[in-house]
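Presented below is the structure to which this report refers.
When reading the values below, keep in mind they use all heavy atoms of this one structure, side chains included, and skip hydrogens, waters and symmetry mates. All of these numbers come straight from a predicted model, not from anything done at the bench. The chain is numbered in sequence order, starting from 1. Counting starts at 1 for both ligands and their atoms, in listed order.
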Amino acid sequence: MIFEQIGPAACRSYLVGCDETKRVILVDPLAEDVGGVLERVEGEGLTLDLIVDTHTHADHHSGGRDAAERSGAPYALHATTECRGVDERLEDGRVLEVGRERVEVIHTPGHTPDSLTLRAGTHLLTGDFLFLAQDGAGRLDLPGGDAAAHWDSLQKLSQFDDVHRVWPGHDYQGQTDATLGLERRRNPRFLNVSREEYVTWQRAIAMPTPVWMLDVIAANMGTAVAHASHHAAAETAAPPDGASCAPGGGASEGGGGGACAAGPIASIPLVLPEEAHRRRAGDAAPFLLDVREPWEYSGPHGQHAVGAHLIPLAQLPGRLEELPTNAEDEVLVICKSGGRSAQAAAYLIQHGRRRVFNVATGTDGWVACGLPIEN
Ligand SMILES: [Fe+2]
């Protein structure tokens with residue numbers, strides 16, 4: 001089997017394929033590495049069958065679509081992805097035939113809804129579903145993250161014995177890989193806790209989403225123009241990958257974001273729920289934007305401030321046309337308690353809106369005040 005980890009830096013890409021037929025797939029290519037990787041593939045007489053991103057990346061620009069256009073090989077993500085320009089949507093259990101080798105697709109959501117793991121023999125390419133040792137796993141508090149789904153995904157690993165090897169999408173300690181057996185003993189994500197305890201633990205360590213990540217997500221989804229030749233963190237003076245990693249806490253993926261997020265967020269004007277409701281009742285009612293996830297907005301466990309328009313935070317960059325066209329029109333942003341809405345408000349201000357207010361205390365506060373809600 002051809003199996004190669006590319007990149008000694010914090011972001012890892014992989015070439016996986018068949019020694020006999022020289023057919024390979026490329027996994028998680030970085031935007032800035034595409035040219036070099038394709039030259040290498042050609043120079044070594046390899047044929048590129050497929051390019052796979054293990055998920056919609058938030059911390060760096062993917063080179064997946066660019067590599068597909070340059071090479072002619074199809075570009076694939078998990079079937080649930082919201083990325084545009086995807087040639088193949090991979091379902092759980094799909095087996096990719098790469099020459100004489102077989103690569104299995106395992107849906108492992110949690111870090112993102114579209115996270116997948118690829119299994120080639122005993123190699124597990126886990127993307128950001130699982131990192132090594134104290135790095136734990138990719139953040140579960142970014143847009144689309146779901147700690148309960150991540151716990152469920154971890155249970156799927158029970159089918160694999162200890163000799164399997166974990167090859168992560170990032171490593172911040174200079175490690176390359178480790179056996180699943182070792183990870184089961186040292187990785188905090190394998191602590192024997194219930195699903196409910198896991199969710200509580202992850203909520204306790206949740207951090208805000210850095211605003212610059214929304215732009216990266218939008219670029220990788222194909223809903224904004226990608227900055228193809230630069231790493232997002234370098235471009236935006238955010239901490240480089242790993243510098244802000246919080247080992248064991250799962251707060252990795254170049255996250256942290258305090259330095260880049262605190263400035264614009266600190267200056268966003270707040271309104272309390274009563275004031276937001278009063279403004280909504282007047283003539284020229286402001287637009288009320290709810291940036292939570294759909295399950296929080298409606299359904300058995302959802303509810304929202306009456307008249308709120310749902311655009312989940314991760315989708316905001318691609319759905320700006322749903323807001324009032326006049327940049328002077330007032331927009332009130334609400335989430336659960338005021339964190340995500342602050343991120344969204346900062347994003348809107350950075351993209352030209354003049355009158356944006358964050359609803360302090362969020363929908364929780366709205367409900368506590370007895371203001372009208374709907375489901
Ligand atoms: Fe990620």
Side-chain angles (χ1 to χ4, degrees), residues 5-7 9-14 27-33 51-65 75-78 80-83 86 90 106-118 124-132 135-147 149-150 153-154 166-173 187 189 202 205-222 226 231-234 236 238-247 249-257 312-315 317 343:
Q5 186 180 58
I6 302 168
C11 290
R12 302 286 165 76
S13 309
Y14 295 88
V27 180
D28 285 338
L30 307 182
E32 60 266 41
D33 289 349
I51 297 140
V52 181
D53 264 330
T54 54
H55 62 289
T56 306
H57 299 286
D59 68 318
H60 64 272
H61 290 292
S62 165
R65 198 163 28 239
Y75 176 46
L77 279 104
H78 184 260
T80 56
T81 194
E82 294 182 32
C83 290
V86 173
L90 304 175
I106 307 163
H107 188 207
T108 46
H111 172 61
T112 64
D114 64 355
S115 288
L116 59 78
T117 291
L118 295 175
L124 297 170
L125 282 71
T126 53
D128 293 3
F129 158 54
L130 189 65
F131 293 157
L132 301 177
D135 280 356
R139 289 177 60 172
L140 306 181
D141 52 4
L142 298 175
D146 183 335
H150 194 256
S153 294
L154 288 167
V166 177
W167 297 88
H170 296 280
D171 188 82
Y172 303 107
Q173 317 297 331
N187 189 315
R189 298 309 179 97
Q202 292 302 313
I205 61 172
M207 298 188 302
T209 302
V211 173
W212 61 266
M213 279 191 179
L214 296 179
D215 281 325
V216 177
I217 292 169
N220 287 335
M221 281 187 170
H231 192 286
T236 54
D241 279 350
S244 56
C245 172
S252 51
E253 189 155 35
L313 182 60
Q315 298 176 21
Q343 302 293 326

For N/O/S atoms only: which one belongs to [X] and is nearest the Fe ion (ligand 1)?
X	answer
Asp128	OD2
His111	NE2
His55	NE2

Enter the distance from Asp128:CG to Arg12:CZ here, rounded to the nearest 0.5 Å.
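Taking CG in Asp128 and CZ in Arg12, the distance rounds to 12.0 Å.
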Who pairs with Gln315 by side chain to side chain contact (heavy atoms under 4.5 Å, CB included), at least two apart in sequence or on another chain?
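So Gln315 forms a side chain to side chain contact (heavy atoms under 4.5 Å, CB included) with Glu82, Ile311, Pro312, Arg319.
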Report yes or no: does His57 have an N/O/S atom closer than 2.8 Å to the Fe ion (ligand 1)?
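No - counting backbone and side chain alike, His57 has no N, O or S atom under 2.8 Å.
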Taking Pro168's backbone N and O only, do any of them form a donor-acceptor pair with Tyr14's side chain (distance below 3.5 Å, no angle check)?
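The answer is yes, because a donor-acceptor pair under 3.5 Å joins these two groups.
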Indicate yes or no for a side-chain donor-acceptor contact from Asn187 to the backbone of Gly136 under 3.5 Å, with no hydrogens or angles considered.
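Pair found, side chain donor or acceptor close to backbone of Gly136.
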